[in-house]
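Here is the structure we will look at.
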Amino acid sequence: MNLGSVLILTCTLLVDTSWVTKADQPPKPPCRPGFSESFYTVFVSRDLLRGQSILKDTTLSSERVKFDNCQHSKAVDFESSDPNFSVRPDGSVYAEQEVANLSEPVQFMVTARRGHDPHIWETTVKLALAGHPPSVPVSQIGVEDMIARAWDSNPRVIKFPRKHQRSSSANGLRRQKRDWVIPPINVPENSRGPFPQMLVRIRSDQDLEKGIRYSITGAGADQPPIDVYNIDPVHGKMFVTRPLDREERASYHLRAHAVDMNGNKVESPIDLYIYVIDMNDNRPEFQNQVYNGSVAEGSKPGTLVMQVTANDSDDDTTANGMVRYRILSQTPHMPIPNMFTINSETGDIFTVAAGLDREKVSQYTIIVQATDMEGNLNFGLSNTATALISVTDINDNPPELTARTFSGEVPENRVNVVVANLTVIDRDQPHSPNWAAQYRIASGDPQGHFLIRTNPVNNDGMVTVVKPVDYEQNRAFMLTVIVSNKAPLASGIQSSLQSSAGVTISVQDVNEPPVFPSNPKSIRFEEGVPAGTTLTVFAAQDPDLFIHQTVRYSKLSDPASWLRINRTNGQITTMAVLDRESMYVRNNIYEATFLAADNGSPPASGTGTLQIHLIDVNDNAPVLFPKEAQVCERASPRSRVNITASDADADPHVGPFVFELPSYPPSVRRNWTASRISGDYAQLRLRIPYLDAGVYDVPIIVSDSGNPPLSNRSMIKVKVCPCDDNGDCTTTGAVAAAGLGTGAIIAILICIIILLTMVLVFVMWMKRREKERQAKPLLIDPEDDVRDNILKYDEEGGGEEDQDYDLSQLQQPEALDHIICKPTGVRRVDERPVIAESQYPVRPSLPHPGDIGDFINDGLRAADNDPTAPPYDSLLVFDYEGSGSTAGSVSSLNSSSSGDQDYDYLNDWGPRFKKLADLYGGGDDD
């Protein structure tokens with residue numbers, strides 16, 4: 001077996017370890033998406049080449065890049081950093097372009113992206129011929145070994161691949177293989193330095209022959225993040241300049257370049273893969289600090305309650321990011337301290353013991369700890385969260401009545417009253433279907449007199465009367481009541497014996513009102529029966545069979561006052577003639593209401609209605625319409641009047657009617673004729689060719705079809721007038737037909753003349769009154785008219801105490817010199833501005849009353865625009881009254897009690913001086 005076969009076998013064994021049976025595996029850890037390895041070595045069989053180039057779309061190896069998706073509904077897309085090679089969705093590596101050969105190993109980076117997930121996973125793939133020495137996979141190197149290699153005191157030297165090498169052997173020139181593929185450079189995160197820290201040295205074999213300048217490109221060098229790595233251009237030493245954070249960036253892909261002093265490429269660029277080694281520098285972080293879950297009471301052990309989740313930003317493929325859970329505490333410790341357990345890998349919380357009872361403990365508080373390093377408390381970092389587990393209610397407590405028997409009482413004939421209150425106890429969650437009670441009457445109420453309603457506040461049962469009960473029929477009810485919940489009882493829970501009880505309801509006797517057996521009572525009678533006729537006996541019955549009471553009757557409603565009722569026996573008799581055609585009769589029925597009252601305590605009364613169906617008799621003669629008509633004086637088709645007959649009676653005492661003219665006076669039949677058109681209509685027309693204009697009273701006799709028939713002589717006032725061509729009466733003819741004589745016309749004209757004369761006299765009187773008003777002088781003497789006068793009052797002197805102030809400031813000025821010399825804006829209110837006076841309108845000697853308003857408005861307008869008119873618009877200066885008073889002190893006035901002064905005249909000054917007159921004029925009375 002050659003070396004290549006050994007290496008392939010080793011790789012296969014590493015892959016096959018994932019197919020261990022589940023029975024031999026520990027509990028399955030939570031799924032974390034990502035590559036199974038951070039570095040893959042794919043060996044290409046020499047048989048695939050056969051000395052030729054690799055064709056496009058050729059699968060290079062059965063070995064595949066494995067990626068754990070965790071979410072199989074989302075496809076994973078792979079992308080290669082080398083355009084010559086790609087990775088199919090199943091992870092197999094194939095050639096994208098034709099490749100000449102694989103004599104030199106090829107290394108490239110593969111990235112994985114899942115749908116629209118922003119997270120990207122990376123791994124490195126190396127292709128090499130089978131039998132070519134590979135680099136050791138990262139998965140087979142321990143963390144300590146990688147750190148030692150990456151931070152060796154003597155950093156390794158990475159050479160550019162050599163294409164040819166001369167030898168002094170006898171064989172002359174011989175071709176050498178390229179160097180091995182450069183393995184990734186591993187750098188631990190959070191290094192303390194010092195920085196810059198040397199990672200590797202890159203050199204070319206040609207640096208002894210010519211000057212070489214080295215450089216690096218890629219993300220972390222000349223692309224963001226810039227200057228994480230740099231290189232000594234002369235010696236090729238590559239440095240890291242600052243601490244790295246794997247959680248920010250887990251790997252870097254750089255390319256190293258070597259050029260001569262003129263910038264010409266000396267070597268082909270080589271790829272440098274730098275992996276940041278994860279350190280346990282992040283604590284697990286719970287998604288929530290408080291989780292809320294619930295579990296039904298009575299749940300069996302192993303019931304899933306809830307799940308808590310903590311995320312660790314460290315590498316979840318290493319122990320740094322592998323989180324394990326455990327429960328630190330449970331509050332309260334009932335019924336046992338460990339009612340719950342947690343799956344250390346998934347964070348699922350389960351019940352571990354029976355005995356959950358919401359009525360005892362409604363909520364548990366669980367403190368959960370998440371620790372990385374696979375739960376190692378010595379090396380791992382931890383964090384805690386709180387899980388609140390609410391115990392939900394099930395209907396495991398049947399409702400129980402607080403007593404075996406309940407009682408109540410109800411007055412008879414009462415409805416919608418609560419007669420008993422049933423109290424119940426239910427230990428389930430209040431105001432839930434498991435707690436809400438429903439009551440049912442199992443027996444004792446076959447006619448449905450009672451209904452039990454549930455009080456939504458306290459769950460009590462309210463026994464309510466929904467159908468009146470009668471004391472004379474049932475004096476008491478014995479009910480059997482069963483209570484249950486709206487929700488059915490939980491499985492295995494039986495109803496309690498206390499879920500049923502007996503309810504005794506006593507019926508109280510009350511004084512019931514008398515009841516008319518037939519209400520309303522209908523009778524039939526012919527109209528026109530005389531007064532005093534007995535119609536019927538309308539008697540009521542007293543329902544109180546066990547109490548002897550007297551019933552008395554009275555009339556409550558009798559619209560036409562036709563009836564009376566006997567107070568003791570209820571006999572109905574008439575007081576007037578019954579008339580079917582009365583306005584109080586509707587549809588041939590007359591209604592009256594009567595009252596029946598007993599002598600109980602308290603008295604009770606009932607009402608009854610009597611309906612009298614009146615049978616019609618022929619007691620109304622027909623009536624003609626219209627009462628007035630108008631025809632032309634000459635016989636023509638338009639000299640006709642249509643008349644109608646109506647009868648207040650009912651069939652068969654109405655039409656068809658018979659219309660005829662009386663034989664007296666003879667002129668009626670001589671001038672007019674009447675002919676029937678139908679049963680209710682007839683036509684009256686002139687019998688002679690011409691009849692003088694005027695008003696004629698034409699009598700017509702109309703008879704109905706009753707048995708015996710009734711007739712009526714009706715008078716129609718017919719106006720005969722001359723007509724125009726259209727058959728309408730002319731104006732002259734209408735007047736003549738109205739029967740106005742010459743005297744009547746003269747009287748009308750005289751009235752019109754008198755009315756016009758009165759109107760003319762009234763107009764003349766109004767004009768004269770207007771002239772007198774204009775010539776009438778003012779009522780007051782012009783000398784007493786003060787509207788245009790300004791009254792001036794002198795100022796008083798200062799008081800006794802005003803000793804230190806100048807009174808001249810308040811006195812009337814004698815001259816205007818000091819006013820002119822005063823500063824601008826400082827002036828007393830009585831100082832008149834020294835400017836030309838405004839002109840005011842002059843009032844006429846005898847002004848017209850209508851001009852007084854205009855005169856006042858003109859004067860007011862002039863005063864408003866006059867700056868010399870008081871009050872003057874100036875700044876007022878208020879001072880004390882001055883240093884002395886010219887009037888002296890009022891205390892020097894001595895009151896005289898000798899009575900020399902006579903004040904009796906004050907009594908003549910009116911009521912306003914009455915008080916003063918009483919003080920000084922009443923000395924004699926004192």
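What you see is a predicted model; the values in this text were computed from it and never measured. Numbers for residues simply follow the sequence, beginning at 1.
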I'd like to know if the side chain of [X] reaches the main chain of [Y], judged simply by a donor and an acceptor atom lying under 3.5 Å from each other, with no hydrogens or angles considered.
| X | Y | result |
| --- | --- | --- |
| N459 | W435 | yes |
| S582 | D579 | no |
| N288 | V290 | no |
| T392 | S294 | no |
| E412 | V510 | yes |
| S344 | R326 | no |
| S557 | T593 | no |
| Y439 | V463 | no |

Would N474 and V469 satisfy side-chain contact (heavy atoms from CB on, under 4.5 Å), going step by step from the backbone distance to the final call?
CA-CA 7 Å; N474 293 297; V469 295; over 6 Å; no
Flag the pair [X] / [Y] as yes when at least one side-chain heavy-atom distance between them is below 4.5 Å, and no otherwise.
| X | Y | answer |
| --- | --- | --- |
| T536 | I612 | no |
| Q611 | K521 | no |
| L304 | D348 | yes |
| Q541 | P517 | yes |
| R685 | Q683 | yes |
| E285 | N311 | no |
| T365 | T386 | yes |
| T504 | T405 | no |

All side chain to side chain donor-acceptor pair (under 3.5 Å) counterparts of [X], not counting sequence neighbours:
| X | answer |
| --- | --- |
| N569 | none |
| S443 | T480 |
| S703 | S711 |
| D542 | Q549 |

Which heavy atom of [X] sits nearest a heavy atom of [Y], and at what distance?
| X | Y | answer |
| --- | --- | --- |
| N434 | A487 | OD1-CB, 3.3 Å |
| S646 | F657 | C-CZ, 4.3 Å |
| Y471 | Q508 | CD1-C, 4.1 Å |
| P662 | P699 | CD-O, 3.1 Å |
| E359 | D357 | OE1-OD1, 2.6 Å |
| F525 | V529 | CD2-CG1, 4.1 Å |

I452 vs V503, side-chain contact (heavy atoms from CB on, under 4.5 Å): CA-CA, chis, key distance, verdict
CA-CA 11 Å; I452 304 179; V503 181; 5.9 Å; no
What residue pairs, at least two apart or across chains, pass ring-ring contact (aromatic ring centres under 6.0 Å, His included) with a residue in residues 697-716?
none
Pairwise distance [atom1]([X]) to [atom2]([Y]) - rounded to 0.5 angstrom:
| X | Y | atom1 | atom2 | value |
| --- | --- | --- | --- | --- |
| N599 | H548 | CG | NE2 | 8.0 Å |
| M339 | M334 | CE | CE | 10.0 Å |
| L684 | I700 | CG | CD1 | 4.5 Å |
| T609 | E591 | OG1 | CD | 6.0 Å |
| T574 | R564 | OG1 | CZ | 8.0 Å |
| S605 | R552 | OG | CZ | 14.5 Å |

With sequence neighbours excluded, what pairs up with [X] under the salt bridge (charged side-chain N to carboxylate O under 4.0 Å, His left out) test?
| X | value |
| --- | --- |
| R358 | D393 |
| D428 | none |
| K717 | D697 |

Report the relative orientation of the aromatic rings in [X] and [Y]; use parallel for angles under 30°, tilted for 30 to 60°, perpendicular for over 60°.
| X | Y | answer |
| --- | --- | --- |
| F286 | Y325 | tilted |
| F477 | F450 | perpendicular |
| Y364 | F340 | perpendicular |

Looking only at side chains, do [X] and [Y] share a donor and an acceptor under 3.5 Å apart?
| X | Y | answer |
| --- | --- | --- |
| T423 | T402 | yes |
| T534 | Q571 | yes |
| D426 | N485 | yes |

Contact list for residues 470-493, test salt bridge (Lys or Arg N to Asp or Glu O under 4.0 Å), sequence neighbours left out
none
Quick one: list whatever passes side-chain contact (heavy atoms from CB on, under 4.5 Å) with [X], sequence neighbours left out.
| X | answer |
| --- | --- |
| N455 | V457, N458, D460, M462 |
| A560 | W562, Y584, Y590 |
| E660 | I701 |

Tell me whether [X] at atom [atom1] has more than 12 heavy atoms from other residues, nucleotides or ligands lying less than 6.0 Å away.
| X | atom1 | value |
| --- | --- | --- |
| R414 | CZ | no |
| K627 | NZ | yes |
| F350 | CZ | yes |

Full working for side-chain contact (heavy atoms from CB on, under 4.5 Å) between I677 and N642:
CA-CA 9 Å; I677 299 176; N642 292 328; 3.9 Å; yes
Quick one, N395 with I493, criterion side-chain contact (heavy atoms from CB on, under 4.5 Å). Give me CA distance, side-chain angles, the key distance, then yes/no.
CA-CA 8 Å; N395 194 10; I493 304 299; over 6 Å; no
With side-chain hydrogen bond (donor to acceptor under 3.5 Å, both in side chains) as the test, would you mind laying out the steps for N712 and S714 before giving the verdict?
CA-CA 6 Å; N712 182 26; S714 299; 3.3 Å; yes
